[in-house]
Amino acid sequence: MRRIFFVLLTLVSTLLPGMAHAWWQAEWAYRKPITIDGGPQAGAIGGDAGRTPVLVRLHTGNFSFEGVSETGADLRFIAGDDKTVLNHQIEQFDPLLGMALIWVDVPSVGAGAPQQLWMYYGNPKAPASGNGQRTFDPDYTLVYHFAEANMPPRDTTAFGNHGQTAVVSAEGTVLGRGAQLGREPLMLPASPSLEQAAGGAFTFSAWIKPEQLGAQQVVYARRDGANELVIGIDQGVPFVQVNGQRSAPGQPIQAGQWSHLALKADGQNLALYVGGRSAASLAAALPALKTSAAIGGDVAGGTAATPAATAFAAFTGAIDEVRVSKVARPDVLLLADAVSQGADSRLTAFGADEQQAGKSHFGFILAAMPLDAWIVVALLGLMMVMSWAIMIGKGRSYGATSRANAAFMEHFHEAAGAPLDRLAVSNSVPQQVKNDSSLWRLYEVAIGEMRRRHDRGYDLNSVSTATIGAIRAAMDGVMVRENERMSKRMNWLSTTIEGAPYVGLFGTVIGIMLVFVVAAMAGAVDINSVAPGMAAALLCTAAGLGVAIPALFGYNWLASRSDAIGADMAVFVDEFVTRLAEEQGEGRTTPQAASPNTVERKRSGPAGEGPSWISSPTLPA
C-alpha cells in the first residue's frame with residue numbers, strides 16, 4: 001500500500017502544476033486576465049447585479065493590439081474556470097487607433113470576491129463569434145450602440161427594433177461613437193415587442209451630454225391618446241412625467257458632461273437614476289402605450305387637441321448607449337452599468353498578457369476536465385495501480401515458481417532409480433527452490449504420507465493400490481490449494497477488465513450532461529463552447545479503456561502461465577504415482593532378504609544420506 005500511495009502522490013504532484021496553469025485551447029497563442037470587482041474598493045456596486053453585459057474597454061494603455069486579428073475575430077472571453085465560453089459583442093475594434101469596445105456577457109456580477117475572466121487572442125484561423133443577440137439577455141427589447149455612421153441606429157437584440165430615422169454621428173463620446181440630437185427626434189418603431197401594457201414594468205437608460213441647459217428638454221417621449229410618458233431635463237434637473245404628473249426635482253446634471261440617466265417602472269412607482277444613484281421618484285404606474293416613441297424630442301399623441309409640439313423642447317446634445325427593457329432592472333445593475341461604462345471604469349481591471357508555453361492538445365483536454373471527470377479518472381487510476389501491482393506481483397511469482405519447478409525436476413530426474421525419498425533425506429535441493437517450487441510441496445506431502453505409513457509399520461516395498469490412491473489424493477489436495485494460491489486476486493483483474501470501461505462511460509455521460517447544461521445556462525451553443533468539455537468527457541471513456549486493455553492482456557498472459565504451472569503439477573503427480581507403483585507397488589519382485597523372518601525397517605543409505613526404506617514383508621501396506 002505504501003508503494004501505491006507513493007505512485008498516486010507522484011501522479012497528483014505531476015498533474016497539479018498543469019491544472020494551475022490551464023490553457024483554454026491550444027490554437028490561441030495569448031490571453032489577458034480581466035478582473036471584475038464590484039467590491040467597495042473597486043466598482044462599489046453594493047450588491048448582486050446578476051447577469052450583466054460588462055463593457056471591456058481596450059486601449060494602448062492596457063493592451064498592445066499585437067498578435068490579434070485586425071477585426072478582433074479571434075477574441076474569445078472565457079470564465080475563470082478556463083472552460084466556459086462567454087458571449088461577447090464587438091462594438092468597435094480599431095488596432096490602428098488602439099481602441100476597442102467589447103461587451104461581455106458575465107453571468108453574475110456582485111460585490112463579493114473579485115472574479116477573473118480570460119480574454120484569449122492570437123489565432124489567425126478563428127472565425128468571428130461575436131453576437132449581440134446572445135450577449136444581451138432576452139428582456140432587453142432595444143439596444144442602440146450607434147456604431148453606424150450617419151445612419152438609422154441598428155438594434156443589437158433579436159427583436160430588430162431598428163431606428164426609423166437617421167442620426168448625425170458624434171465621435172469621441174463616452175462609448176466611442178454616439179448620436180448628435182437637436183434637430184429631428186430619433187423615432188423608434190411601433191413594434192409589438194415595444195408595446196407597454198398598463199401598469200407593466202419598464203426600464204430606459206442612456207448616456208446623455210447636453211450642450212446647454214434649457215427648459216423642458218425631452219430625452220424620451222411616448223404618447224398614445226391621452227396617455228403619455230416623458231423623460232426629460234428641466235434646467236439640468238431630470239424629471240419623469242406620466243399623464244400630467246411629474247416627479248419632484250432631484251439631483252441635477254451638468255452641461256457639457258456625460259451623465260448616465262435611467263428610468264425604472266415596477267408597476268407602482270417610477271424612479272429616476274443619475275449615475276446609477278436614485279435622483280427622483282413618482283408614485284404612479286405606466287399607462288398603456290402602443291405608438292412610436294421618440295428620443296431627443298417630443299412626439300404628437302393620438303389626439304389633435306394635445307399641444308405636444310409646444311409643451312416641450314427638443315434635447316440638444318449627444319446621446320449614446322440607449323437601452324429599453326421590458327422588466328424593471330435591479331438598482332444594482334443600473335449602478336453597475338453606470339460604473340462600468342464610464343470613461344474611468346472601476347469595475348474592470350486588466351492584468352499582464354500571457355503567452356502559451358507550448359502545451360499539447362492532451363494537456364488542454366486535461367485542463368478542460370471538470371471535477372466529476374477528475375473523480376472518475378482518479379478512481380480509474382486507482383484501479384490501474386491495483387491491477388498493475390497484481391500483474392507485476394503475479395508475474396514475478398509465476399516466474400519464480402516456474403524456475404524453481406524446473407530446477408526441482410532436474411534433481412528429481414537425477415535421483416531416478418534411487419528411493420523416492422532420496423531428495424527429502426539428502427538435502428540436495430536448495431532452500432530457495434524448496435520455498436518457490438510448487439512441485440516440491442507436492443513431493444513433500446507425498447513423502448510425508450509415506451513416512452507416516454512407514455512409522456505405523458507398513459511395508460513400503462509393497463504399497464497397495466489403496467495406499468497409492470490415498471497418497472495421490474493428498475497430492476491432489478495440495479495441487480488444488482496451489483491453484484487457489486495462484487488464482488488469488490485474479491478476480492480483481494477480471495473486475496477491472498469488465499468494470500473500468502463502464503466507470504469511464506459513466507464519467508463521459510455525466511460530463512456530456514454538464515456540458516449541455518452549462519452551455520444552456522451561458523446561452524452559448526457554438527463549437528468553441530462545447531468542444532473542450534466534450535473532449536474532457538470522452539477522456540473518461542478513453543481512460544477506462546486504457547485501464548481495461550492492459551489488464552485484459554495481463555490477465556490472459558497470467559492465466560496461460562498459471563495453466564502451465566498447473567499442468568506441470570498434474571504431470572508431476574502422475575509421474576510420482578507411476579514411479580511409486582512401479583518401484584514399490586504390489587506384485588513387484590524384490591531381492592531376497594538375508595533372513596526371511598527378519599523384519600528390518602531401516603538401514604543406512606549412502607554416505608551423507610539419512611535412512612531409507614527397504615523390505616518389510618510381514619506388514620504389507
Side-chain angles (χ1 to χ4, degrees), residues 55 57 99 101 144-147 149-150 153 163 165-188 203-222 228-242 246-264 270-282 293-299 308-324 334-346:
L55 176 65
R57 188 190 298 266
M99 180 68 181
L101 299 173
Y144 289 166
H145 298 315
F146 298 100
N150 302 315
T165 54
V167 295
V168 178
S169 297
E171 302 295 339
T173 65
V174 68
L175 294 173
R177 178 180 293 159
Q180 186 68 35
L181 301 177
R183 299 179 181 177
E184 297 290 336
L186 169 60
M187 299 304 298
L188 307 184
T203 302
F204 170 87
S205 65
W207 285 90
I208 61 173
K209 180 183 177 182
E211 291 183 356
Q212 56 185 5
L213 301 180
Q216 311 293 332
Q217 292 181 327
V218 175
V219 176
Y220 176 90
R222 193 171 189 183
E228 68 169 357
L229 169 63
V230 180
I231 305 171
I233 54 176
D234 186 9
Q235 300 299 339
V237 178
F239 68 86
V240 56
Q241 179 173 313
V242 176
R246 179 174 292 197
S247 60
Q251 176 184 347
I253 62 176
Q254 303 298 320
Q257 296 183 7
W258 284 102
S259 299
H260 186 267
L261 181 65
L263 170 71
K264 180 179 77 171
L270 286 82
L272 273 175
Y273 298 82
V274 175
R277 308 290 181 179
S278 178
S281 63
L282 177 64
I295 294 178
D298 200 0
V299 59
T310 59
F312 294 97
F315 172 80
T316 302
I319 192 169
D320 198 359
E321 196 58 29
V322 174
R323 297 182 184 177
V324 176
L334 297 177
L335 178 57
D337 287 343
V339 170
S340 66
Q341 297 170 16
D344 299 323
S345 174
R346 302 184 304 275

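It should be emphasised that the depicted structure is a prediction, and the values quoted were computed from it without experimental measurement.
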Quiz item: What pairs of residues pass the side-chain hydrogen bond (donor to acceptor under 3.5 Å, both in side chains) test when at least one of them lies in residues 167-184, not counting sequence neighbours?
Solution: Glu171-Arg177, Thr173-Asp320, Gln180-Glu211

Practice problem: Can you sort out the partners of Trp258 under side chain to side chain donor-acceptor pair (under 3.5 Å), two or more places apart, ordered by chain and number? | Solution: none

Quiz item: Under the side chain to side chain donor-acceptor pair (under 3.5 Å) test, which residues partner Glu321, sequence neighbours left out?
Solution: His145, Arg323

Test item: [X] and [Y] side chains (from C-beta on) under 4.5 Å apart, heavy atoms:
| X | Y | result |
| --- | --- | --- |
| Val242 | Leu270 | yes |
| Pro210 | Ile233 | yes |
| Glu228 | Gln241 | yes |
| Val274 | His260 | no |
| Leu186 | Ile319 | no |
| Leu181 | Val219 | no |
| Phe315 | Val218 | no |
| Leu263 | Thr203 | no |

Give me the atom names and distance for the closest heavy-atom approach of [X] to [Y].
| X | Y | answer |
| --- | --- | --- |
| Val322 | Ala206 | CG2-CB, 3.9 Å |
| Met187 | Ala294 | SD-CB, 3.7 Å |
| Gly276 | Ala338 | N-CB, 3.7 Å |
| Asp298 | Ala221 | OD1-CB, 3.5 Å |
| Thr165 | Pro185 | OG1-O, 3.4 Å |

Quiz item: Stepwise, does the side chain to side chain contact (heavy atoms under 4.5 Å, CB included) test hold for Phe312 with Gln217?
Solution: CA-CA 6 Å; Phe312 294 97; Gln217 292 181 327; over 6 Å; no

Self-check item: side-chain contact (heavy atoms from CB on, under 4.5 Å) against Ser281, all qualifying residues, sequence neighbours excluded
Solution: none

Practice problem: Check side-chain contact (heavy atoms from CB on, under 4.5 Å) between Leu335 and all other residues, then give those that pass, not counting sequence neighbours. | Solution: Ile45, Arg277, Val339

Quiz prompt | All ring-ring contact (aromatic ring centres under 6.0 Å, His included) counterparts of Phe146, not counting sequence neighbours | solution = Tyr144

Practice problem: Kindly write out the residues that satisfy ring-ring contact (aromatic ring centres under 6.0 Å, His included) with Phe204, not counting sequence neighbours, or none if the list is empty. | Solution: Tyr220

Quiz item: Roughly how far, to the nearest 0.5 Å, is CG of Leu334 from OG of Ser205?
Solution: 7.0 Å

Using atom types as modelled, flag every donor-acceptor pair under 3.5 Å from a side chain in residues 247-255 to any protein atom, sequence neighbours excluded.
| from | atom 1 | to | atom 2 | distance (Å) |
| --- | --- | --- | --- | --- |
| Ser247 | OG | Val240 | N | 3.2 |

Quiz prompt | Main-chain N/O of Gln341 paired with Ser345 side-chain donor or acceptor, under 3.5 Å | solution = no

